[in-house]
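Reviewing the structure listed below.
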Amino acid sequence: MKNIHIKNGHVIDPANGIDGLNDLYIADGKVLAIGAAPAGFTADQTIDAIGLIVAPGFVDLSARLREPGFEYKATLESEMQAAMQGGVTSLVCPPDTDPVLDEPGLVEMLKHRAQKLNQAHVHPLGALTMGLKGDALTEMSALTESGCIGFSQAEKTIQDTNVLLRAMQYAKTFGYTVWLRPQDAYIGRGGVAASGPLASRLGLSGVPVMAETIALHTIFELMRSTGARVHLCRLSSAAALELVRKAKEEGLPVTCDVGVHHVHLTDADIGFFDSNARMDPPFRSQRDRDAIRAGLLDGTIDALCSDHTPVDDDEKLLPFGEASPGATGLELLLSLTLKWADDYAAQQDTGSQRPLSRALARITSEAARVAGLDAGTLSVGAVADVVLFDAGAHWTVEASALASQGKHTPFLGYNLAGQVQTTIVAGHVAYQR
């Protein structure tokens with residue numbers, strides 16, 4: 001393990017309220033000190049971070065790495081490289097691989113493969129039900145021992161509410177978190193765009209907002225009954241956020257995130273049937289988009305995620321209704337988070353916390369808190385996951401700029417600010433531009 005001295009950087013650590021010019025010292029894979037050099041410290045490597053932001057490595061709450069089973073869409077190697085280019089040092093992976101992550105052996109194999117690459121820390125979510133079929137519960141305790149940090153149905157809904165009730169009772173007994181994307185099993189099934197005038201004009205089948213809110217009402221009733229902790233994944237509507245706000249005021253143990261694409265885009269961005277804008281959940285109205293931006297600001301939304309879902313050409317270059325949903329996001333997470341800070345947070349009175357620190361909290365300390373991870377901070381003694389980035393450097397989103405095997409994103413052609421220069425994972429330099 002090298003001793004690393006990062007000098008002249010603007011250190012931002014939202015968890016500890018640090019926001020200013022500082023030096024950072026790393027030894028034995030841990031943060032040794034911020035500020036003055038500890039007695040007897042000698043650096044094996046010095047990194048001059050003049051003009052750069054030095055922040056905790058980003059924590060992404062939804063990144064599909066496509067292994068096992070979908071290697072034709074992406075491989076662990078390509079997506080881990082994308083994570084490093086994006087400054088993402090901790091990844092939470094949904095269980096909808098092939099085979100599904102419902103057996104401890106599969107989880108151990110995924111974690112072993114990831115550890116061998118010595119890049120981002122991978123934290124799998126176990127399947128809530130066997131094969132994600134919504135019938136029999138998985139062995140949650142065995143999956144937890146093998147490395148799962150929570151349990152999810154990914155994009156599959158549990159149609160039998162009794163099964164979901166039992167799953168939440170089990171989770172509460174052992175202190176596990178259930179990760180759910182709220183969507184009704186029947187309303188909006190087969191829909192490809194947000195219900196509304198635009199979908200009607202384009203002749204696309206719609207997904208109404210109530211597909212999200214009906215599911216939320218059910219989840220909250222089950223939470224009241226069981227006391228289980230639930231994390232809501234990738235909310236998309238103003239109505240859903242209002243329900244979450246009330247549930248939090250009531251004291252229910254609920255957290256939620258949104259996909260970073262939904263902070264900026266609306267259903268109008270489908271344009272002339274652009275399949276790159278085909279997402280689950282779909283982009284909704286400007287009112288919903290504005291509610292998401294406000295929810296990030298007031299704390300209703302706990303975290304941002306990349307919702308990284310690499311899709312290959314064969315499944316994306318199709319008519320809008322037939323294209324697979326999803327977009328690459330790991331390498332866009334920073335830029336789109338900074339864009340929110342510039343566009344929106346800067347216009348609001350954010351109290352003592354500056355917009356950049358506030359925005360970074362959503363992809364560092366707050367995301368880590370949601371996932372129960374010891375990450376997202378530069379506290380002395382913490383694992384040294386660090387990212388150095390140039391907040392003012394602009395880059396154009398194009399296929400050649402992306403390390404991910406998935407080259408499809410609704411932001412193709414956009415010029416965005418924010419470029420990662422160095423990513424350090426557990427004290428070793430894993431990426432340098």
Side-chain angles (χ1 to χ4, degrees), residues 59-65 67-69 90-111 114 121-183 185 215-216 218-235 244 247 252-257 280 302-303 305 307 309 367-375:
V59 179
D60 191 352
L61 296 181
S62 181
R64 288 175 168 83
L65 304 179
E67 282 198 35
S90 295
L91 298 161
V92 178
C93 306
D96 52 354
T97 48
D98 183 20
V100 166
L101 296 180
D102 58 7
E103 297 278 353
L106 294 168
V107 175
E108 286 162 5
M109 183 178 73
L110 176 62
K111 286 198 64 108
H121 311 285
V122 171
H123 304 283
L125 292 172
L128 195 59
T129 60
M130 295 302 293
L132 299 176
K133 290 183 177 139
D135 301 324
L137 300 186
T138 53
E139 292 283 350
M140 292 189 213
S141 57
L143 286 167
T144 300
E145 281 173 27
S146 66
C148 290
I149 63 159
F151 298 91
S152 161
Q153 277 293 107
E155 297 301 304
K156 308 283 189 190
T157 50
I158 293 179
Q159 296 181 13
D160 185 339
T161 315
N162 212 31
V163 174
L164 186 53
L165 172 63
R166 290 206 319 275
M168 287 166 74
Q169 285 169 335
Y170 188 107
K172 166 62 178 172
T173 302
F174 294 98
Y176 305 144
T177 303
V178 178
W179 296 50
L180 298 171
R181 184 162 91 71
Q183 53 178 348
L216 280 174
T218 302
I219 290 166
F220 291 148
E221 279 300 323
L222 295 177
M223 287 179 73
R224 290 181 189 107
S225 167
T226 61
R229 181 170 180 265
V230 172
H231 176 67
L232 301 167
C233 308
R234 303 190 308 288
L235 298 180
V244 171
L252 292 181
V254 64
T255 51
C256 71
D257 67 51
D280 269 344
D302 298 272
C305 70
D307 192 16
T309 309
R369 175 182 62 80
V370 163
L373 298 176
D374 200 3

Interatomic spacing from [atom1] in [X] to [atom2] in [Y] - rounded to 0.5 Å:
X	Y	atom1	atom2	value
D98	E67	CG	CD	12.0 Å
L216	M223	CG	CE	10.5 Å
L164	L180	CG	CG	6.0 Å
L222	L252	CG	CG	11.0 Å
L101	E108	CG	CD	11.5 Å
R181	D280	CZ	CG	5.0 Å

Criterion side-chain contact (heavy atoms from CB on, under 4.5 Å) on S90 and H123, from CA distance to verdict: CA-CA 7 Å; S90 295; H123 304 283; 4.2 Å; yes
Report yes if the side chains of [X] and [Y] come closer than 4.5 Å at any heavy-atom pair, otherwise no.
X	Y	value
L143	F151	yes
P99	P68	yes
V230	I219	yes
W179	L128	no

Criterion side-chain contact (heavy atoms from CB on, under 4.5 Å) on L232 and F220, from CA distance to verdict: CA-CA 11 Å; L232 301 167; F220 291 148; 4.0 Å; yes
Ring geometry between F174 and Y170 (parallel below 30°, tilted from 30 to 60°, perpendicular above 60°):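 The arrangement is tilted - the two ring planes meet at 30° to 60°.
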Could you tell me which non-hydrogen atom of [X] sits nearest to which non-hydrogen atom of [Y], and how far apart they are?
X	Y	answer
A154	P94	CB-CB, 4.5 Å
A167	M140	O-CE, 3.8 Å
V100	L106	O-CD1, 3.2 Å
L235	P182	CD2-CG, 3.4 Å
C256	V244	SG-CG1, 4.0 Å
V107	P124	CG1-CG, 3.9 Å

CA sep, side-chain torsions, deciding dist, call: D60, V92, side-chain contact (heavy atoms from CB on, under 4.5 Å): CA-CA 6 Å; D60 191 352; V92 178; over 6 Å; no
Is the backbone of [Y] close enough, under 3.5 Å, to the side chain of [X] for a donor and an acceptor to pair up by distance?
X	Y	value
D302	D257	no
T226	A228	yes
Q183	E155	yes
T309	D307	yes
D102	G131	yes

Pairs where residues 126-152 contributes a residue and the test side chain to side chain donor-acceptor pair (under 3.5 Å) is met, not counting sequence neighbours: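 Applying side chain to side chain donor-acceptor pair (under 3.5 Å) to every pair that reaches into residues 126-152, excluding sequence neighbours, yields T129-Q153.
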Intermediate values then yes/no, side-chain contact (heavy atoms from CB on, under 4.5 Å), V178 and R229: CA-CA 6 Å; V178 178; R229 181 170 180 265; over 6 Å; no
Pair H231-T255, side-chain hydrogen bond (donor to acceptor under 3.5 Å, both in side chains): steps then yes or no: CA-CA 5 Å; H231 176 67; T255 51; 2.8 Å; yes
Neighbour count >12 (heavy atoms, 6.0 Å) for atom NZ, K111: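 Yes, enclosed.
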Over 12 foreign heavy atoms within 6.0 Å of CG, D374: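 At most 12 heavy atoms, drawn from other residues, nucleotides or ligands, come within 6.0 Å of this atom.
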